[in-house]
A.B. asks: 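Sending over a structure as structure tokens; questions will come in a sec.
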Amino acid sequence: QVQLVESGGGLVEPGGSLRLSCATSGFTFGNYFLNWVRQAPGKELEWVSFIGGGGSPTYYADSVKGRFTISRDNAEKMLYLQMTNLHSEDTALYYCGALRPGKFYNSNSRADYAFWGRGTQVTVSS
């Protein structure tokens with residue numbers, strides 16, 4: 001059974017930091033490109049960051065570049081997102097997803113993902 005379980009979200013003040021984790025099982029982790037995608041209240045899915053199967057390349061949305069860092073541990077089948085200098089606009093439900101082969105790296109369409117988690121809530125507020 002495939003599982004992707006996000007954790008690490010919470011309430012943080014502007015300028016603060018959080019580290020999101022995505023624990024996976026049930027599929028060949030190293031074979032998949034992985035993304036973090038978020039959805040703010042009342043808005044559509046927004047792609048955040050991409051990482052290749054071996055840990056590179058990595059790409060970021062302009063809105064998070066320089067503040068977020070994506071990484072993965074293939075031995076532990078874990079995906080991470082280190083978030084620093086958080087802004088109120090970063091408030092969203094954050095999902096991890098494994099891209100289907102051949103899909104664009106920055107996809108924000110659920111249909112382009114082979115596997116998808118349930119999300120972890122990040123709220124940035126004073």
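Predicted, not measured: the structure shown is a model, and the values here were computed from it. Along the sequence shown, the residues carry numbers beginning at 1.
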A.B. asks: Could you tell me which non-hydrogen atom of S56 sits nearest to which non-hydrogen atom of I51, and how far apart they are?
C.D. replies: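 Minimum heavy-atom separation between S56 and I51: N-CG1, 4.4 Å.
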A.B. asks: If I compare all heavy atoms of Q39 with all of K43, which pair ends up nearest, and what's the gap?
C.D. replies: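 Taking Q39 first and K43 second, the nearest heavy atoms are NE2-O, 2.9 Å.
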A.B. asks: Using the rule given for side-chain hydrogen bond (donor to acceptor under 3.5 Å, both in side chains), can you reason through N35 versus Y113, listing the C-alpha separation, both sets of side-chain angles and the distance that settles it, and then say yes or no?
C.D. replies: CA-CA 9 Å; N35 274 348; Y113 290 84; 2.8 Å; yes
A.B. asks: Which heavy atom in S21 sits nearest to a heavy atom in M78, and how many Å separate them?
C.D. replies: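 Between these two residues, the closest heavy atoms are CB-CE, 3.8 Å.
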A.B. asks: Please confirm whether the backbone N or O of S88 pairs with a side-chain atom of T91, one donor and one acceptor, at under 3.5 Å?
C.D. replies: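 Answer holds: yes.
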A.B. asks: So K77 and R72, do their side chains get closer than 4.5 Å, heavy atoms only?
C.D. replies: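 SC-SC contact between R72 and K77 ruled out.
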A.B. asks: What distance separates L81 CG from C96 SG, expressed to the nearest 0.5 Å?
C.D. replies: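 The distance works out to 10.5 Å.
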A.B. asks: Does R38 make a cation-pi contact with Y95, if we ask for NZ or CZ under 6.0 Å from the ring centre and within 45° of the axis?
C.D. replies: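 No; the conditions do not both hold, so R38 does not lie above the ring face of Y95.
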A.B. asks: Can the ring centres of F68 and Y60 be said to be less than 6.0 Å apart?
C.D. replies: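 F68 vs Y60: aromatic centres not under 6.0 Å.
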A.B. asks: Return yes if some donor-acceptor pair links the side-chain N/O of N74 with the main-chain N/O of G53 below 3.5 Å, else return no.
C.D. replies: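 Confirmed, N74 side chain pairs with G53 backbone.
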A.B. asks: Can you give me the closest heavy-atom contact between Y32 and F27, atom names plus distance?
C.D. replies: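 Nearest pair, atom of Y32 first, then F27: CD1-CD1, 3.6 Å.
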A.B. asks: Does the side chain of Y80 come under 3.5 Å of the side chain of D73 through a donor N or O and an acceptor N or O?
C.D. replies: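 No, no side-chain donor-acceptor contact under 3.5 Å.
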A.B. asks: Could you walk me through whether F33 and F50 pass the side-chain contact (heavy atoms from CB on, under 4.5 Å) check?
C.D. replies: CA-CA 7 Å; F33 299 160; F50 165 95; 3.4 Å; yes
A.B. asks: Give the C-alpha distance, both sets of side-chain angles, the deciding distance and a yes or no for ring-ring contact (aromatic ring centres under 6.0 Å, His included) between W47 and Y59.
C.D. replies: CA-CA 10 Å; W47 168 75; Y59 302 122; 7.5 Å; no
A.B. asks: With side-chain contact (heavy atoms from CB on, under 4.5 Å) as the test, would you mind laying out the steps for L20 and C22 before giving the verdict?
C.D. replies: CA-CA 7 Å; L20 305 185; C22 176; over 6 Å; no
A.B. asks: Where do R67 and L86 come nearest, in terms of heavy atoms and distance?
C.D. replies: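 Between these two residues, the closest heavy atoms are NH1-CA, 3.8 Å.
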A.B. asks: Which atoms form the tightest heavy-atom contact between L4 and A98, and what is the distance?
C.D. replies: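 Looking at all heavy atoms of both residues, the closest pair is CD2-N, 4.4 Å.
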A.B. asks: Name every donor-acceptor pair, under 3.5 Å, that has one atom in a side chain of residues 115-126 and the other anywhere in the protein, sequence neighbours excluded.
C.D. replies:
residue: T120; atom: OG1; partner: G9; partner atom: N; Å: 3.1
residue: Q121; atom: NE2; partner: A92; partner atom: O; Å: 3.4
residue: Q121; atom: NE2; partner: T123; partner atom: OG1; Å: 3.4

